[in-house]
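Quick notes on the structure that follows.
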Amino acid sequence: MSLRYQAPRGTQDILPEDQAYWDYVRDTASRICRLFGYERIDTPVFETASLFTRTTGEATDIVQKEMYVFRDRGGQELALRPEGTAPVCRAYLEHGMGSRPQPVRLWYWAPIFRYDRPQAGRYRQHHQLGAEALGDSSPSLDAEVIELLWRFYQELGLSNLTLYLNSIGDGQCRPQYVETLRRYYRDRLAHVCPDCQARFHRSPLRLLDCKQEQCQPVIAEAPSMLEHLCGPCRDHLSEVGRYLEAVDVPYTMQPRLVRGFDYYTRTVFEVHPPEEGAQSALGGGGRYDGLVEMLGGPPTPAVGFGTGVERIIIQLKRQEVPVPAPGRPQVYVAWQGAEARLPAFRLASELRQKGISVLLATGDRSLKAQMRQADARGITYVAILGPRELQEGSITLRRLADGYQETLPASALLQRILSP
RNA sequence: GUGGACGUGGCCAAGCGGUGAAGGCGCCAGGCUGUGGCCCUGGAGAUCGCGGGUUCGAAUCCCGCCGUCCACCCCA
């Protein structure tokens, strides 16, 4: 069959057989977030485009080439949400959350859109779980957010993950460091890859993150951010580390870790699965003390993370983590003969009203076919309503697991199902 | 955005210039008259991703498009 329509490139349907994973991740997320005292927030799928261009950074890839931007009929320039943090900050400001007890702890579960070239684990529409804590600069909050993310993965049953931690400094020390880094690279530009030559101008911190063979020697000798942090940033980082150690969240310092958004300050982190591979990062985040101010609000320190649901599910499958099976209907109502059609429909309805999930046979199949169906769907009981039962006001109840079956008065059916 | 691999019924998959385009799973029906899971039999379902070209003849060769996947890039 030639497909007239396909889901747009980089998007996918989540079929019933996959929903068990989604339910599992979503339920776990909501439980853990509640456990940490985070409250759910939902923001629109699209926002004013400049919300992202202003905060994420004009020069970042996300803004430069990955945003879905469009004008609505009123001429407003809008963008499909390419990341979760800026909208939360916007909502924080818009609803005066600055006058709630600080910090304000929020979490979200939202589709994210980026016009990327699709690959396994990289889609044009994907979903993120995120948590943000706004209005407090304590390092304990960085650690709290990181612990929340870590416990979430743990709770899901994922293992062998690595948490990388770094600090990229703040307005005090980063500009100086970037200058130092540029000075270092200036003489060596001839020895680095073309991408790095571009990074030198566009986003110098990314130079440290290059994976090209030829750039490694240059990176190895490059000045480290960690050694150029100002006092407060250095203290902040070591405090974060101390808190993480106190709650046994294992981390690895990764001085080359940089993130793709311009708004980060100080703490940045990422979590990776054991496999090598390009788009492996499961989640990441950091502190963004300047973001709310960028949106026209008062100085408001904040920290948060985002983690990709699709990648988590890939990882759950790869690690063969068992997820709870979806609930199946308990009873299949089979019937035979035209006279039984209406009574069967009524029986199904009555059982459902008692809270028992029921599948009713459709059409006019043979009893054999109905049994086959019930079996294929993993149902517990088949209630049979045929001429015989109709005549004597009874129902035959068959347990599929062992084939035990009895015919009982219709009034006793419910009782029998509930207490076998 | 760059480079590469791939694309056969819902799923897996053989075929690689001339076939009625295998097979398995799944689906539907039947194996006597009211009953599942195994087994047996039968059936439905394919313009071989789409469009063009080469050829007497194309699923098989060539080109373009679409899509998936891999590496880069970037990130979740």
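The analysis underlying the following values was restricted to heavy atoms, covering all of them including side chains, and did not include hydrogens, waters or symmetry mates.
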So A:Trp107 and A:Ile41, do their side chains get closer than 4.5 Å, heavy atoms only? no

Separation of the P atoms in B:G51 and B:C12, to the nearest angstrom: 22 Å

Does the base of B:C73 carry an N or O that pairs as donor and acceptor with the side chain of A:Arg122 under 3.5 Å?
-> yes

- Message: Check for me whether A:Arg188 meets the cation-pi criterion with A:Tyr184, that is, NZ or CZ under 6.0 Å from the six-membered ring centre and within 45 degrees of the ring axis.
- Response: yes

note: A:Ile62, atom CD1; B:G1, atom C1'; distance rounded to Å ~ 16 Å

Protein-proximity profile, nucleotides 32-43 of chain B, B/S/- by nucleotide at the 4.0 Å heavy-atom cutoff, equals --BBBB------

Is A:Glu66 touching bases, backbone alone, or none of the nucleic acid, heavy atoms closer than 4.0 Å? sugar-phosphate

Checking N1-N3 plus N6-O4 or O6-N4 for Watson-Crick, or N1-O2 and O6-N3 for wobble, each under 3.5 Å, the partner of B:G34 is none

From CZ of A:Arg124 across to P of B:C66 the rounded distance in Å is 10 Å

- Whole-Å C1' distance, B:A76 and B:G4: 25 Å

From CD1 of A:Ile313 across to C1' of B:A76 the rounded distance in Å is 12 Å

Rounded to whole Å, CD of A:Gln6 lies from P of B:C66 at a distance of 11 Å

pair_partner(B:U19), Watson-Crick or wobble, both distances < 3.5 Å, evaluates to none

Answer for the Watson-Crick or wobble partner of B:G7, both distances under 3.5 Å, is B:C66

Within the 4.0 Å heavy-atom criterion, would you say A:Arg365 contacts the bases, only the backbone, or no part of the nucleic acid? sugar-phosphate

Next on the checklist: Do the side chains of A:Arg114 and A:Glu83 get close enough for a salt bridge, i.e. N-O under 4.0 angstrom?
Outcome noted: no

Whichever of A:Tyr264 and A:Ala369 has the more 5' nearest nucleotide on RNA chain B, that residue is A:Ala369

Worksheet item: C1' atom, B:C63 versus B:G24: distance in rounded Å?
Response: 36 Å

From CZ of A:Phe152 across to P of B:A76 the rounded distance in Å is 15 Å

Inter-nucleotide P distance (B:A5, B:G9), Å rounded = 22 Å

Would A:Arg40 count as a cation-pi partner of A:Tyr108, with NZ or CZ less than 6.0 Å from the six-membered ring centre and within 45° of the ring normal?
no

When rounded to whole Å, the CG to P distance for the pair A:Asp61 and B:C72 reads 15 Å

Separation of B:G1 atom C1' from A:Arg202 atom CZ, nearest Å, is 12 Å

C1' spacing across the pair B:C73 / B:A59, given as an integer number of angstrom
36 Å

- Task: Scan A:Gly378 against the nucleic acid and name what it touches under 4.0 Å (heavy atoms): base, sugar-phosphate only, or nothing.
- Result: nothing

For B:G1, the nucleotide meeting Watson-Crick or G-U wobble distances (both under 3.5 Å) is B:C72

Requested in this report: Tell me whether the guanidinium CZ or amine NZ of A:Lys317 lies under 6.0 angstrom from the six-membered ring centre of A:Tyr21 and within 45° of its axis.
Outcome: yes

### Touch class at under 4.0 angstrom, heavy-atom based, for A:Phe261 against every strand present
sugar-phosphate

_Can you confirm if the aromatic rings of A:Phe200 and A:Tyr185 lie within a centre distance of less than 6.0 Å?_
no

Any strand, both distances under 3.5 Å, Watson-Crick or G-U wobble: B:U41 pairs with B:A29

Same-atom distance (C1') from B:C62 to B:A58, integer angstrom | 12 Å

Note to self: Please classify the nucleic acid contact of A:Arg377 as base, sugar-phosphate, or nothing, using heavy-atom distances under 4.0 Å.
What the structure shows: nothing

| query | Given B:C65, is OP1 or OP2 found less than 4.0 Å from the side-chain N or O atoms of A:Arg9? | reply | no

message: If you define the side chain from C-beta out and look only at heavy atoms, does anything of A:Tyr332 sit under 4.5 Å from A:Val358?
response: no

In whole angstroms, the gap separating P of B:U2 from NZ of A:Lys65 amounts to 11 Å

Do A:Leu291 and A:Thr85 have side-chain heavy atoms sitting under 4.5 Å apart?
yes

* Spacing of the C1' atoms in B:C56 and B:A14 (rounded, Å) -> 28 Å

Hey, does the side-chain of A:Arg114 have a donor or acceptor N/O within less than 3.5 Å of a partner on the base of B:A76? yes

pair_partner(B:U60), Watson-Crick or wobble, both distances < 3.5 Å, evaluates to none

* **Basic-acidic side-chain contact under 4.0 Å: A:Glu39, A:Arg105** => no

*So A:Ser394 and A:Glu389, side chain to side chain donor-acceptor pair (under 3.5 Å) or not? Walk me through it.*
CA-CA 5 Å; A:Ser394 64; A:Glu389 288 80 2; 5.4 Å; no

The answer to which of A:Gln128 and A:Pro8 contacts RNA chain B further toward the 5' end, by nearest nucleotide, is A:Pro8

